[in-house]
Chemist: 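Structure in structure tokens, see below.
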Amino acid sequence: MIDLNDLLEQVWPIAAQQAMRTESVELKNALSRVLAEDVVSTLNVPQHDNSGMDGYAVRCADLQPGQPFRVSQRVPAGSSPQHLQPGTVARIFTGAPIPPGADSVIMQEDAVVNDDASVTFNALSKPGQWIRRAGEDIASGQVVLSKGTRLDAIHVGLLASIGVPAVTVTKRLKVGVMVTGSELQSPGEVLQPGQIYNSNEYVWCGLLESMNMEVRSVGIVPDNFEATCTALQSLADCDAVISSGGVSVGEEDHVKPAIEKVGQLRSWKVAMKPGKPIAFGHINRPGGGQSWFFGLPGNPVSSAVAFQLIVKPFLGLLEGQARNEVDWRSRMRKVKADFAWSKPDSRREEFLRVDVQSDKAGLFANQSSGVLTSLASSSGLIRLAKGQQVEPGGWVDYVSYQDLMK
């Protein structure tokens with residue numbers, strides 16, 4: 001069996017080496033897209049020194065305790081103030097430019113407006129108080145977002161704040177999905193004896209769509225060699241294809257021989273639980289080129305875990321994401337186990353479904369690879385090394401589903 005880390009170091013670099021197609025999209029359509037180049041700011045944010053408070057812009061050297069000051073100008077946000085006259089103050093509002101000659105802001109709560117409209121201050125001020133400096137957030141010429149960043153809502157807002165109307169991104173991936181198994185039935189249909197409902201297709205399509213990828217599913221493919229070959233070839237124009245089931249060596253496992261006919265295959269027994277049998281290869285395209293292929297286990301937990309740990313990062317790299325953005329191992333953190341694990345697997349590392357609250361990990365009772373409720377009722381995965389036992393209160397490595405989906 002191959003260790004998971006070794007598998008990742010074999011497979012992920014293949015995706016990172018692929019040439020990427022790019023396009024320009026308007027900022028309003030850029031959510032979840034991957035930047036194909038660095039974005040450099042052409043301006044300072046803020047563009048000018050401005051007030052961080054509603055109050056009064058002052059010259060600190062003029063201040064004396066109890067001294068009234070005439071208000072010489074009013075400076076709302078968006079205005080262009082005049083030079084501050086000596087011995088006066090300016091009424092100023094949050095975000096408004098600091099008048100030339102002023103070097104501090106006193107918030108309005110520390111000011112008393114007198115009957116003659118002059119103001120007296122209850123507290124003195126220091127130079128720079130409540131002033132947000134030009135370029136304090138972003139400096140002109142600064143790389144704001146790096147190539148390989150998958151844009152979330154905050155990223156898009158950040159780009160808007162520097163006036164970027166459009167960005168160059170990599171083209172969306174087209175991913176094919178097929179699930180194999182004559183025992184599978186679609187939701188809404190009546191189950192016959194020995195049948196189960198198809199859930200893997202729904203999990204994968206949902207995860208892929210959350211990554212803003214174009215998904216094409218051929219649905220359920222029966223356990224038949226010719227049907228499997230036909231389904232794979234129909235998806236050959238996709239950037240990648242994901243299949244569940246049929247990757248073992250039984251008489252009804254047709255995916256491996258089908259891939260060997262329509263492309264090339266590498267398969268492993270991975271030293272991880274759940275998710276032992278994994279196949280990787282490609283499907284040949286009739287006109288040249290290839291579509292990457294992943295064959296995952298049929299058990300729903302095994303396929304979901306393998307997808308998030310192996311396939312999703314590969315697709316992210318294929319779409320141009322940076323390695324540090326997709327490598328979930330760097331996002332693992334330590335939590336305290338609120339359970340005991342006394343019979344570990346000595347040959348495979350294990351990923352246990354847990355719910356973490358206040359840095360304490362509670363174990364889902366049934367860790368079977370066929371129990372999808374273990375994923376629905378947990379917050380993430382504990383990663384245990386081969387043979388690692390756990391005592392209550394011991395520290396263990398944890399990664400949340402939220403971090404896996406970044």
Side-chain angles (χ1 to χ4, degrees), residues 2-22 30-39 143 145-156 158 167-177 203-215 238-242 266 268 270 272 275 278-282 291-296 302-333 349 351 375 379-383 397-406:
I2 185 173
D3 287 341
L4 176 60
N5 284 335
D6 292 337
L7 173 66
L8 299 182
E9 295 308 320
Q10 288 186 36
V11 172
W12 287 357
I14 295 173
Q17 295 166 4
Q18 301 302 299
M20 291 164 291
R21 299 164 296 163
T22 65
L31 188 65
S32 295
R33 303 298 295 272
V34 177
L35 285 177
E37 57 187 28
D38 294 346
V39 178
V143 175
L145 290 174
S146 300
K147 174 183 176 180
T149 300
R150 187 177 293 277
L151 299 174
D152 61 22
I154 300 301
H155 293 142
V156 173
L158 181 59
V167 287
T168 301
V169 297
T170 57
K171 288 200 171 183
R172 293 173 62 197
L173 292 183
K174 183 189 299 182
V175 182
V177 171
V203 172
W204 293 350
C205 289
L207 292 171
L208 291 167
E209 287 169 4
S210 72
M211 297 171 69
N212 199 26
M213 294 185 176
E214 183 181 341
V215 183
C238 294
D239 297 290
V241 175
I242 308 169
R266 296 180 67 184
W268 302 271
V270 186
M272 62 180 285
I278 302 290
F280 173 71
H282 69 260
S291 173
W292 297 110
F293 171 80
F294 279 96
L296 303 183
S302 298
S303 69
V305 170
F307 178 90
Q308 295 196 76
L309 300 185
I310 302 171
V311 181
K312 178 190 172 293
F314 179 92
L315 296 176
L317 291 168
L318 197 62
E319 197 177 15
Q321 277 190 277
R323 173 69 177 257
N324 66 302
E325 283 212 345
V326 305
D327 195 340
W328 49 269
R329 294 171 296 184
S330 64
R331 294 193 286 272
M332 300 199 81
R333 61 186 178 91
E349 61 179 311
F351 290 87
L375 293 175
S379 62
L381 302 172
I382 293 293
R383 185 184 192 183
D397 291 325
Y398 167 77
V399 62
S400 69
Y401 298 136
Q402 183 177 7
D403 280 339
L404 285 173
M405 286 309 299
K406 285 184 177 178

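Residues: numbered from 1 along the sequence shown.
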Chemist: Nearest 0.5 Å, please: how far is CZ in Arg383 from CG in Leu4?
Modeler: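 Output value for this atom pair is 5.5 Å.
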Chemist: Tell me which one of Trp268, Phe280, Phe307 satisfies ring-ring contact (aromatic ring centres under 6.0 Å, His included) with Phe294.
Modeler: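 Running ring-ring contact (aromatic ring centres under 6.0 Å, His included) over Trp268, Phe280, Phe307 with Phe294 returns exactly one hit, Phe280.
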Chemist: Ignoring hydrogens, what is the shortest heavy-atom contact between Thr149 and Glu325? Give both atom names and the distance.
Modeler: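 Thr149 and Glu325 have their closest heavy atoms at CA-OE2, 3.4 Å.
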Chemist: As an exercise, state the distance from CD of Glu319 to CZ of Arg172, rounded to the nearest 0.5 Å.
Modeler: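 These two atoms lie 8.5 Å from each other.
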Chemist: Minimum heavy-atom separation for Ala153 to Leu31, with atom names?
Modeler: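 Heavy atoms only, the tightest pair is N-CD1, 3.4 Å.
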Chemist: Sorted by first residue and then second, give each salt bridge (Lys or Arg N to Asp or Glu O under 4.0 Å) pair with at least one member in residues 8-18; sequence neighbours left out.
Modeler: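 Applying salt bridge (Lys or Arg N to Asp or Glu O under 4.0 Å) to every pair that reaches into residues 8-18, excluding sequence neighbours, yields Glu9-Arg323, Glu9-Arg329.
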Chemist: Does a sphere of radius 6.0 Å around NZ in Lys147 hold more than 12 heavy atoms from other residues, nucleotides or ligands, not counting ones at 6.0 Å or beyond?
Modeler: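 Result for NZ/Lys147: open.
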Chemist: One pair to check against side-chain contact (heavy atoms from CB on, under 4.5 Å): Ser379 and Ser400. What are the steps and the verdict?
Modeler: CA-CA 6 Å; Ser379 62; Ser400 69; 5.7 Å; no
Chemist: Can His155 and Leu35 be said to form a side-chain contact (heavy atoms from CB on, under 4.5 Å), step by step?
Modeler: CA-CA 11 Å; His155 293 142; Leu35 285 177; over 6 Å; no
Chemist: Does some side-chain heavy atom of Val305 sit less than 4.5 Å from a side-chain heavy atom of Met272?
Modeler: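 Answer yes - side chains close enough.
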Chemist: Indicate the atoms forming the closest heavy-atom contact of Arg331 with Asp327, along with that distance.
Modeler: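 Reported closest heavy-atom pair: NH1-O, 4.0 Å.
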Chemist: First locate atom OH of Tyr401, then atom CD of Gln308, and finally report the distance between them rounded to the nearest 0.5 Å.
Modeler: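 Those atoms lie 7.5 Å apart.
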Chemist: Can you confirm whether Leu309 sits close enough to Leu404 that some side-chain heavy atom of one is under 4.5 Å from a side-chain heavy atom of the other?
Modeler: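 Yes. Closest side-chain heavy atoms under 4.5 Å.
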Chemist: Return the minimal non-hydrogen interatomic distance between Cys205 and Val215, and the atom names on each side.
Modeler: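 Minimum heavy-atom separation between Cys205 and Val215: SG-CG1, 3.7 Å.
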Chemist: State the CG-CE distance between Leu315 and Met213, to the nearest 0.5 angstrom.
Modeler: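 Interatomic distance, Leu315 CG to Met213 CE, rounded to 0.5 Å: 5.0 Å.
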Chemist: To the nearest 0.5 Å, tell me how far Leu145 CG sits from Ile154 CD1.
Modeler: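 Leu145 CG to Ile154 CD1: 11.5 Å, rounded to 0.5 Å.
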Chemist: Which heavy-atom pair separates Ser303 from Leu296 by the least distance, and what is that distance?
Modeler: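 Nearest pair, atom of Ser303 first, then Leu296: O-CD1, 3.7 Å.
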Chemist: Measuring from Thr168:OG1 to Arg33:CZ, what's the distance to the nearest 0.5 Å?
Modeler: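 These two atoms lie 11.0 Å from each other.
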Chemist: How far apart are the closest heavy atoms of Thr170 and Gly320, and which atoms are they?
Modeler: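 Taking every non-hydrogen atom into account, CG2-CA, 4.4 Å.
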Chemist: Look at the side chain of Trp328 and the backbone N and O of Asp403, then say whether any donor-acceptor pair between them is shorter than 3.5 Å.
Modeler: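 A pair under 3.5 Å: no.
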Chemist: Do Trp204 and Val175 touch side chain to side chain, with heavy atoms closer than 4.5 Å?
Modeler: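 Answer no - side chains too far apart.
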Chemist: Just by modelled atom types, is the Ser32 backbone N or O under 3.5 Å from a matching donor or acceptor in the Arg150 side chain?
Modeler: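 Between the backbone of Ser32 and the side chain of Arg150 there is a qualifying donor-acceptor contact (under 3.5 Å).
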Chemist: How far apart are the C-alpha atoms of Met405 and Leu207, what are their side-chain angles, what is the distance that settles it, and do they pass the side-chain contact (heavy atoms from CB on, under 4.5 Å) test?
Modeler: CA-CA 8 Å; Met405 286 309 299; Leu207 292 171; 3.6 Å; yes
Chemist: Would you mind reporting whether Val270 and Ile2 have side-chain heavy atoms less than 4.5 Å apart?
Modeler: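 Side chain of Ile2 against side chain of Val270, heavy atoms only: contact under 4.5 Å found.
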Chemist: Between Lys171 and Asp239, does a salt bridge (charged side-chain N to carboxylate O under 4.0 Å, His left out) hold up when you go through it step by step?
Modeler: CA-CA 11 Å; Lys171 288 200 171 183; Asp239 297 290; over 6 Å; no
